[in-house]
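Report on the structure given below.
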Amino acid sequence: MEYIEPPPAPKRYARKTKEKFRKVALKDRRKRQIVIEKAQIRDVEEILELVNGFAASNLMLPRGPQYLYENIRDFVIACDRDVPVCSLTESREVLHLIVACGSLHVLWEDIAEIRALAIHPDYQHLGLGSKLVEYMKEEAVQLGIKRLFTFTLKEDFFKTLGFKRQSRAELPSKVWGECTRCPKYFKCDEVGMVLDL
Ligand SMILES: CC(C)(COP(=O)(O)OP(=O)(O)OC[C@H]1O[C@@H](n2cnc3c(N)ncnc32)[C@H](O)[C@@H]1OP(=O)(O)O)[C@@H](O)C(=O)NCCC(=O)NCCS
């Protein structure tokens, strides 16, 4: 009988993943027209691009179109109007580029989670992350939510916004729902943080 060599087993973590983002020709700060608004159906593809760009480096949970369509009403976006976007093959003008997103997901009568907070690398440290969290905080207050929660690798960022780290034992069981979908389930490195409103 002919012996067929089996293919080699894939090496664990052999392939390094890299963040992939559209190249943006950054405008002068004064010429930027950044608008924060609720997301619409037309924004799904760009939001996925932003979130999955960071998910490729294990900074965030990857998301698919079904999740986005089902939860689009949770999402808030920041857009820069009239940004020239360069692709590999062409240079073109777009009127509307999503440069940041975040979502507020109600978990129970008194608690909501901040998920999928992502700021395009060229727009970080401009206060956008803080502004989106403030926006979602306002939404949560209007809904009657008493506590905000997030799982994150960016503890210091959330600390600047008043969030406090909470031990796993103290977290309500409702917050673990998403963990079952997470590739880091068995080796979670994120911390739970809460903010009382
Ligand atoms: C973390 C993140 C949301 C911050 O957004 P941002 O718009 O850059 O933050 P802001 O400009 O509002 O920052 C306010 C302050 O928070 C702190 N901060 C911001 N990013 C930080 C980071 N990566 N690590 C630690 N502290 C940070 C700083 O004190 C900052 O003030 P400074 O810019 O004057 O130093 C953004 O860097 C990001 O999208 N990262 C990649 C995706 C990610 O990790 N998302 C979080 C998932 S929960």
Side-chain angles (χ1 to χ4, degrees), residues 16-24 26-30 32-37 39 43 46-64 67-68 71 74-81 83 97-107 111-140 145 147-168 171 174-185 187-195 197:
K16 285 221 163 160
T17 46
K18 256 193 152 190
E19 294 165 13
K20 276 189 192 153
F21 295 97
R22 290 197 217 186
K23 276 203 172 147
V24 175
L26 260 195
K27 289 190 292 183
D28 183 285
R29 210 175 250 238
R30 283 161 303 172
R32 287 182 196 158
Q33 299 171 48
I34 296 188
V35 182
I36 294 179
E37 59 195 10
D43 303 319
E46 262 191 86
I47 295 174
L48 283 175
E49 216 176 283
L50 193 58
V51 169
N52 291 331
F54 289 114
S57 313
N58 276 333
L59 283 174
M60 298 179 73
L61 193 57
R63 298 290 182 186
Y67 178 88
L68 253 290
N71 295 280
D74 285 354
F75 276 80
V76 57
I77 52 173
C79 307
D80 197 351
R81 308 280 190 201
V83 181
L97 174 76
I98 296 176
V99 294
C101 68
S103 72
L104 177 79
H105 190 79
V106 177
L107 292 170
I111 189 164
E113 180 176 356
I114 289 188
R115 292 180 179 170
L117 182 66
I119 319 298
H120 188 291
D122 293 342
Y123 286 76
Q124 290 180 5
H125 291 286
L126 299 173
L128 268 184
S130 312
K131 282 203 181 105
L132 288 190
V133 174
E134 277 305 318
Y135 187 105
M136 291 185 277
K137 203 170 128 183
E138 205 46 51
E139 276 190 307
I145 294 292
R147 227 152 55 122
L148 281 184
F149 162 81
T150 194
F151 270 128
T152 186
L153 292 172
K154 307 289 178 188
E155 184 176 352
D156 290 344
F157 166 72
F158 282 99
K159 263 191 195 159
T160 63
L161 300 172
F163 282 73
K164 291 197 171 72
R165 190 170 174 165
Q166 191 128 33
S167 74
R168 285 173 183 253
L171 292 171
K174 255 285 164 191
V175 305
W176 303 106
E178 280 289 276
C179 297
T180 53
R181 292 170 221 233
C182 182
K184 296 199 247 174
Y185 184 80
K187 44 179 177 7
C188 179
D189 48 1
E190 300 194 343
V191 296
M193 301 194 76
V194 295
L195 176 73
L197 298 175

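Heavy-atom basis, side chains included; hydrogens, waters and symmetry copies ignored. For ligands, and for the atoms within them, numbers begin at 1 and follow the listed sequence.
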Quick one: table the atom pairs, ligand 1 N or O against protein N or O, below 3.5 Å, distance rounded to 0.1 Å.
{"residue": "ligand 1", "atom": "7 (O)", "partner": "Gly129", "partner atom": "N", "Å": "2.7"}
{"residue": "ligand 1", "atom": "8 (O)", "partner": "His125", "partner atom": "N", "Å": "2.7"}
{"residue": "ligand 1", "atom": "11 (O)", "partner": "Leu126", "partner atom": "N", "Å": "3.3"}
{"residue": "ligand 1", "atom": "11 (O)", "partner": "Gly127", "partner atom": "N", "Å": "2.8"}
{"residue": "ligand 1", "atom": "12 (O)", "partner": "Ser130", "partner atom": "N", "Å": "3.0"}
{"residue": "ligand 1", "atom": "12 (O)", "partner": "Ser130", "partner atom": "OG", "Å": "2.4"}
{"residue": "ligand 1", "atom": "33 (O)", "partner": "His125", "partner atom": "ND1", "Å": "2.7"}
{"residue": "ligand 1", "atom": "37 (O)", "partner": "Gln124", "partner atom": "OE1", "Å": "3.4"}
{"residue": "ligand 1", "atom": "39 (O)", "partner": "Ile119", "partner atom": "N", "Å": "2.8"}
{"residue": "ligand 1", "atom": "45 (N)", "partner": "Leu117", "partner atom": "O", "Å": "2.8"}

Flag side-chain contact, heavy atom, 4.5 Å: Leu104 against Leu148: yes
Heavy-atom donor-acceptor pair, Ser103 side chain to Asp74 backbone, under 3.5 Å: no
Pairwise distance CG(Leu161) to CG(Leu195) - rounded to 0.5 angstrom: 8.0 Å
Lys137: salt bridge (charged side-chain N to carboxylate O under 4.0 Å, His left out) partners, not counting sequence neighbours: Glu134
Sequence-distant partners of Tyr67, side-chain hydrogen bond (donor to acceptor under 3.5 Å, both in side chains), two or more places apart: Arg115
Partners meeting salt bridge (charged side-chain N to carboxylate O under 4.0 Å, His left out) with Asp189 (sequence neighbours left out): Lys184
